[in-house]
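Here is how names work: the chains are called A, B, and so on, in the same order as the sequence lines, proteins then strands, and each is numbered from 1. All values derive from a computational prediction rather than experimental measurement.
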2 protein chains.
Amino acid sequence: MERTSQKRLSREAGIASAGEGASRRGRLDLFKFVPFRLNRLAAEVSMALSSEYEARYGLDIPEWRVLATLGFRKEACSAQYIAQCTRTHKSTISRAVTTLLERELIERVANTDDRREFRLRMTRKGKALYDELVPRLLRREQEILACLSAQERRMLGQLLGKIEQSLDLIQTSEEADAKDAY
Amino acid sequence: MERTSQKRLSREAGIASAGEGASRRGRLDLFKFVPFRLNRLAAEVSMALSSEYEARYGLDIPEWRVLATLGFRKEACSAQYIAQCTRTHKSTISRAVTTLLERELIERVANTDDRREFRLRMTRKGKALYDELVPRLLRREQEILACLSAQERRMLGQLLGKIEQSLDLIQTSEEADAKDAY
DNA sequence: ATAAGATAGTTGCAAGTGAAACCATTTTGC
DNA sequence: GCAAAATGGTTTCACTTGCAACTATCTTAT
C-alpha cells in the first residue's frame, strides 16, 4: 500500500460536503457527483456482502437474487418474473437458474397453462441455505448502516425510495393497476 | 411487455417504506435491502448518464473517470493516482488511458524524478470535450435529483458521506496525514 | 383457421473487467 | 553497494455479462 499519493488524493476529496453540488466554476468534483458516488458505494457494499454469499456459499450475485426472490415470495414464480423484479437481464437469470438447478437448490415445475414457462421454487436444501444466509446478510447490512442513527436510516430509505420512484424503478400497485386497466 | 406478472410484482414491492428494515420473520425483502437498492439505483443512474458520454462522445465509464479526474485537478497526475482516487482497477485505468491517448484527448509527460511513472494531462482537445460534457452531466444529475428538495439533496449527500466515511471510501486529509506520519 | 406477432427461456458471441504475471525502475535493508 | 522487496504501468487469461439470434409456445387479427 503506497501512502504518498493516497495522501495527495484526499487533499480535495475530504468528505464530500454534499448539497452544494458537484460543480464549481465549470469543473466537476467527482467526489460530490452523485452518480459516481452511488456507483462506488454500490460496488463497495457489494464487495462487503460478497464475502458472505460468495466465499461462504459459492453464490454469485445473480444466483443470490434468484434465491432472494424465491425466498421472499411464497408461491413459485417464473424466471421472467425474477428478471423483471430484480432488474437483471433474463440471460443472466437463465444462467443463474441453471446453476442453482444443478446444485439442487431450486427446482422447476412445468406450467401446464403455458408450456413456455416454468415455475421455480426452492428445494428443501435451498431453503436451508437461504435461512442460514439471510440473517448473515441482514447483519452485514446493519453493520454497514451502523454509522447512521435510526432516524437517518429511515431518511436514507425514503430518499432512495423517492429517486427509485422517479426513475420508475419501482412501480406502485396503483400505477400497475392503472396501466393494466387500459 | 407483459403486464400480468409485472403487476403481481409490485404488490409487495410498493415503495420500500424503509427504516423498518428489510426483514420480517426471517424473510428478506429485496426491495428494502439497502445493498440491493444501491446496486440497482447505481446501475440505473449509470445507464441514464451513459447516453451522454457514451452515445454522444464515445467515452465509456473508465475513460470518463480519467477525464473527470484530470479535469478537476489542476496539475497533471499519474495513472495510479486516478485509479486510487476513482477506486477503479489499475488495469482498467491503463486501458482507458491508452484509448484516450490514441484519441489525443490526453497526453503523457515523462516524469524525470521517477521514470516508472507518467504524468497525464488533458490536451486542448480533451479539455474542449470536457468543457462540453460536464454541464450536460451536471444537468442530468440535477434531473435525476429533481424529485428531491434542496434540503433532501443536502441530506442525501450527508448520508452518503457518512456511509462512505465508515466504509473508508474517503480518507480525510487528517487520516491520511496521520498514517503518513508514522 | 391460420399467419403474424409476442413471449418464455436458452445459447453463441463479443466486449469489458479483475486477478495475476510480467517488465522496468526505484526504494529498502543489510 | 547490492540483493530483495516494492511500485508504476502493461498485458495475458479466465470469467461475466449484455445483446442478439434462436426455438418453442402462446396470442391476436384477419
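Listed candidates were D/dT12, C/dG9, D/dT25. Nearest to the side chain of A/R108 is C/dG9. For B/Q80, the side-chain atoms get nearest to D/dG8 when compared with the rest of D/dG8, C/dG9, D/dT17. Listed candidates were D/dG9, C/dA19, D/dA20. Nearest to the side chain of B/S91 is C/dA19. The listed nucleotides are D/dC26, D/dG9, C/dG9; the one nearest the side chain of A/D114 is D/dC26. Residue B/R116 has its side chain nearest to D/dT7 when only D/dT7, D/dA20, D/dC26 are considered. Distance from the side chain of B/T92 is smallest for C/dT17 among the nucleotides C/dC13, D/dG8, C/dT17. Of the listed nucleotides (C/dC13, D/dG9, D/dT25), C/dC13 has the atom at the smallest distance from the side chain of A/R95.
Between the CZ atom of B/F118 and the P atom of C/dT26 there is a distance of 11 Å, given to the nearest Å. In this structure, CD1 of B/I93 is placed 15 Å from P of C/dG16, rounded to the nearest angstrom. At whole-Å resolution of the value, CG in A/L120 and C1' in C/dA8 are 11 Å apart. Whole-Å rounding puts the A/K90 NZ to D/dC22 P distance at 14 Å. Between A/H89 atom NE2 and C/dG9 atom C1' the separation is 12 Å, expressed in whole Å. Summarising the geometry, the separation between CG on A/D113 and C1' on C/dA8 is reported as 14 Å, rounded to the nearest angstrom. Distance CG (A/N39) to C1' (C/dT17): 14 Å, rounded to an integer number of Å. Atom CG of B/N111 is separated from atom C1' of C/dA24 by 14 Å (rounded to the nearest Å).
In this pair, B/F31 and B/F36 present their aromatic rings perpendicular. The plane angle is above 60°, beyond the 30 to 60° band.
At distances below 3.5 Å, at least one donor-acceptor pair connects side-chain atoms of B/T123 with backbone N or O atoms of B/L105. Between the B/R140 side chain and the B/L49 main chain, no donor and acceptor come within less than 3.5 Å of each other. Not one N or O on the side chain of A/Q158 forms a donor-acceptor pair closer than 3.5 Å with the backbone of A/M155.
Nearest-nucleotide mapping onto DNA chain D: of B/V97 and A/D60, the residue sitting toward the 5' end is B/V97. Taking the nucleotide of DNA chain C with the nearest heavy atom to each of A/S94 and B/T112, the more 5' of the two is matched to A/S94.
Between B/E107 and the options B/K125, B/R121, B/R124, a side-chain hydrogen bond (donor to acceptor under 3.5 Å, both in side chains) holds for only B/R121.
Applying the 4.0 Å criterion to OP1 and OP2 of D/dC26, one finds that A/R115 has a side-chain N or O inside that range.
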